[in-house]
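Step one of this worksheet: look at the structure below.
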Amino acid sequence: MIKRAEYLKKLIQFRDTDLIKVITGVRRSGKSVLLMQYRDYLKSQGVADNQIIYLNFEELELLSVRTADALVKVLQPKLDKQRHQYIMLDEIQMVDGWQTVVNGIRVSYDCDIIVTGSNAKMLSGELATLLSGRYVEIPIYPFSFKEFLAAKEITSDSREVDQAFLVYEKYGGFPLVTLSPVALKDDILSSLYDTITLKDVAERAQVRDITSLRALVAFLADNIGQLVQPAKVAGVLKNEGISISNHTVENYLQLLEDAFLFYRARQYDLRGKKYLRTAGKYFIVDPGLRRTAIGRRPGNYAGQLENVVYVELQRRGYTVDVGKMNTKEIDFVARKVDRVLYVQVSYEIPANSRETDDLLQLRDNYEKLLITQRHYPDIQDIDGIPVVNIVDWLLRDAPSEM
């Protein structure tokens with residue numbers, strides 16, 4: 001079992017607070033394993049077994065627990081007002097009305113509550129109303145490259161690192177995929193892709209037109225790094241024989257975000273200091289799923305690299321936008337607390353200086369960075385802007401990317 005140290009650290013930091021810990025992320029990204037690791041930590045700290053309640057709502061025994069009343073019937077015999085308890089509810093979004101039950105437990109018992117879910121909607125509506133200011137979200141992602149290397153038992157100074165990155169870029173970082181033989185990786189990714197699109201998106205939202213949904217996923221995956229406008233997407237798909245309206249595209253895009261399959265980076269006007277109500281860019285949660293969605297064919301290496309950088313910035317806790325300054329574009333404007341990082345991503349340093357010129361147009365003193373896939377050992381910076389190879393950047397400890 002690979003320890004998810006950074007996520008575990010966050011859970012420990014919020015231990016025994018009144019805040020409900022909400023672990024969110026795409027299916028099979030490691031949410032259940034993180035709960036097990038937290039449970040092991042608690043036991044190592046002397047917490048008794050009868051103080052820990054763990055329920056996984058995808059297990060056979062709990063498939064019938066799908067209402068608030070059924071949840072109360074399962075939980076109440078396990079709850080004890082005479083002791084402090086740790087309540088872990090895995091894939092809780094499967095239960096309708098769970099928010100009211102969890103809030104009732106929080107009010108009535110001395111407990112530490114952790115829930116996990118694979119849909120962003122669990123953080124809206126009733127939960128936001130009942131628990132305003134009383135929960136903290138801990139987003140979890142498939143393995144980072146550093147975690148991937150640890151799982152493969154490859155040290156960061158090994159000669160295997162560059163080759164390992166090519167494998168990571170091809171198959172991604174889902175734990176099960178990472179730990180499986182090469183011969184099984186594509187089959188596992190295909191199964192995972194089907195489950196996410198069919199169960200977490202289509203079934204949950206009662207989408208009947210699976211063909212259009214998958215066509216949209218394939219389009220987004222094939223056009224990573226490109227600005228996406230629903231009307232234009234609908235037009236492209238219609239030209240390919242997929243009848244779909246602008247409204248349906250917009251609806252499907254939201255469903256894909258809700259399932260944590262894609263993330264949307266909004267355009268931010270760096271001169272006007274405002275978000276633009278125009279197109280955004282969509283990035284997929286894992287490069288292995290991207291490859292599966294487009295039929296395992298190679299291509300769009302620049303977009304693929306941009307996708308890896310975007311997800312890593314998200315993983316490191318940044319809010320990530322696409323920067324726009326007149327006709328110039330900054331790939332990523334990453335913000336965290338009072339820190340701002342401008343990032344350009346390029347497969348290789350181009351013959352012209354466009355990538356760094358765009359960064360130099362920014363007159364503030366925030367950090368600027370050019371990330372490349374090719375190694376340039378003799379080039380440390382261009383006009384004062386640091387140039388770093390993607391592998392070197394991924395292996396640096398956050399938050400000190402520079």
> So do the side chains of Asp200 and Leu261 get within less than 4.5 Å of each other, counting heavy atoms only?
Replying inline: no
> Hey, is OH on Tyr376 packed in by over 12 heavy atoms from elsewhere, all under 6.0 Å?
Replying inline: yes
>> Could you walk me through whether Arg106 and Asp18 satisfy the salt bridge (charged side-chain N to carboxylate O under 4.0 Å, His left out) test, starting with their C-alpha distance in whole Å, then the side-chain angles of each, then the deciding distance to 0.1 Å, before giving a yes or no?
In response: CA-CA 8 Å; Arg106 182 190 65 82; Asp18 189 45; 3.4 Å; yes
>> Can you tell whether the side chains of Asp222 and Arg297 come within less than 4.0 Å, N to carboxylate O?
In response: yes
> Are side-chain heavy atoms of Gln163 and Ile154 found at a separation under 4.5 Å?
Replying inline: no
> Heavy atoms, side chains only, cut-off 4.5 Å: are Leu55 and Lys78 in contact?
Replying inline: yes
>> Side chains of Arg296 and Ser190: any donor to acceptor distance under 3.5 Å?
In response: yes
> How long is the gap from CG on Leu179 to CG on Leu184, to the nearest 0.5 Å?
Replying inline: 12.0 Å
>> Quiz question: by atom type and distance under 3.5 Å, do the side chains of Gln254 and Asp258 form a donor-acceptor pair?
In response: yes
> Taking the six-membered ring for Trp, are Tyr301 and Tyr347 parallel (under 30°), tilted (30 to 60°) or perpendicular (over 60°)?
Replying inline: tilted
> Should the pair Glu6-Lys146 be classified as a salt bridge under the 4.0 Å nitrogen-to-oxygen rule?
Replying inline: no
>> Between Met122 and Val115, is there a side-chain heavy-atom distance shorter than 4.5 Å?
In response: yes
> In a check of side-chain hydrogen bond (donor to acceptor under 3.5 Å, both in side chains) between Asp112 and each of Gln85, His84, Lys21, which one passes?
Replying inline: Lys21
>> With a 4.5 Å cut-off on side-chain heavy atoms, are Asp110 and Lys81 touching?
In response: no
>> Tell me whether the rings of Tyr38 and Tyr41 are parallel (<30°), tilted (30 to 60°) or perpendicular (>60°).
In response: parallel
> Can you tell me how far CG of Leu362 sits from CD1 of Ile330, rounded to the nearest 0.5 angstrom?
Replying inline: 4.5 Å
> Just by distance, do the side chain of Arg335 and the backbone of Thr319 share a donor-acceptor pair under 3.5 Å?
Replying inline: no
> Are the side chain of Thr116 and the backbone of Glu91 linked by a donor-acceptor contact shorter than 3.5 Å?
Replying inline: yes
> Aromatic rings Phe148 and Phe145: how do their planes relate, parallel, tilted or perpendicular, breaks at 30° and 60°?
Replying inline: parallel
> Can you find a side-chain donor-acceptor pair between Thr155 and Ser158 that sits under 3.5 Å?
Replying inline: no
>> Please determine whether side-chain contact (heavy atoms from CB on, under 4.5 Å) holds for the pair Leu253 and Leu216, giving the CA-CA distance in whole Å, both sets of side-chain angles, and the decisive distance to 0.1 Å.
In response: CA-CA 8 Å; Leu253 288 172; Leu216 175 60; 4.2 Å; yes
> Between the side chain of Lys185 and the main-chain N/O of Ser180, is any donor-acceptor distance below 3.5 Å?
Replying inline: yes
>> Can you confirm whether Trp98 sits close enough to Leu89 that some side-chain heavy atom of one is under 4.5 Å from a side-chain heavy atom of the other?
In response: no
> For atom CG of Asp157, is the number of surrounding heavy atoms from other residues, nucleotides or ligands below 6.0 Å larger than 12?
Replying inline: yes
>> Would you say that Leu313 contacts Val309 through its side chain, given a criterion of any heavy-atom pair below 4.5 Å between the two side chains?
In response: yes
> Any idea which heavy atoms bring Tyr193 and Ala293 closest together, and the distance?
Replying inline: CE1-CB, 3.9 Å
>> Just verifying a value: how many Å separate Leu227 CG and Gln267 CD, rounded to the nearest 0.5 Å?
In response: 4.5 Å
>> Treating Arg214 as the side-chain partner and Asp194 as the backbone partner, does any N or O pair qualify as donor plus acceptor under 3.5 Å?
In response: no
> Say you draw a straight line from OG of Ser108 to CD of Gln76; how long is it, rounded to the nearest 0.5 Å?
Replying inline: 9.0 Å
> Should the pair Asp381-Lys368 be classified as a salt bridge under the 4.0 Å nitrogen-to-oxygen rule?
Replying inline: no
> Parallel under 30°, tilted from 30 to 60°, perpendicular over 60°: which one fits the rings of Phe283 and Tyr310?
Replying inline: parallel
> Would you find a donor on one side and an acceptor on the other, under 3.5 Å apart, between the side chain of Asp286 and the backbone of Gly173?
Replying inline: yes
>> Regarding Glu312 and Arg316, does a basic nitrogen lie under 4.0 Å from an acidic carboxylate oxygen?
In response: yes
> Near Glu153 CD, under 6.0 Å, is it more than 12 heavy atoms from other residues, nucleotides or ligands?
Replying inline: no
> Roughly how far apart are Tyr252 OH and Leu220 CG, rounded to 0.5 Å?
Replying inline: 13.0 Å
> Does a donor on one side chain sit under 3.5 Å from an acceptor on the other, for Tyr171 and Arg291?
Replying inline: no
> If you measure from CD on Glu160 to NZ on Lys152, what distance do you get to the nearest 0.5 Å?
Replying inline: 10.0 Å
>> In the structure I gave you, are the side-chain heavy atoms of Leu19 and Tyr135 within less than 4.5 Å of one another anywhere?
In response: no
> Tyr86 and Arg15: side-chain donor and acceptor closer than 3.5 Å?
Replying inline: yes
>> Walk me through whether Asp186 and Lys170 qualify under salt bridge (charged side-chain N to carboxylate O under 4.0 Å, His left out).
In response: CA-CA 10 Å; Asp186 278 329; Lys170 182 176 183 179; over 6 Å; no
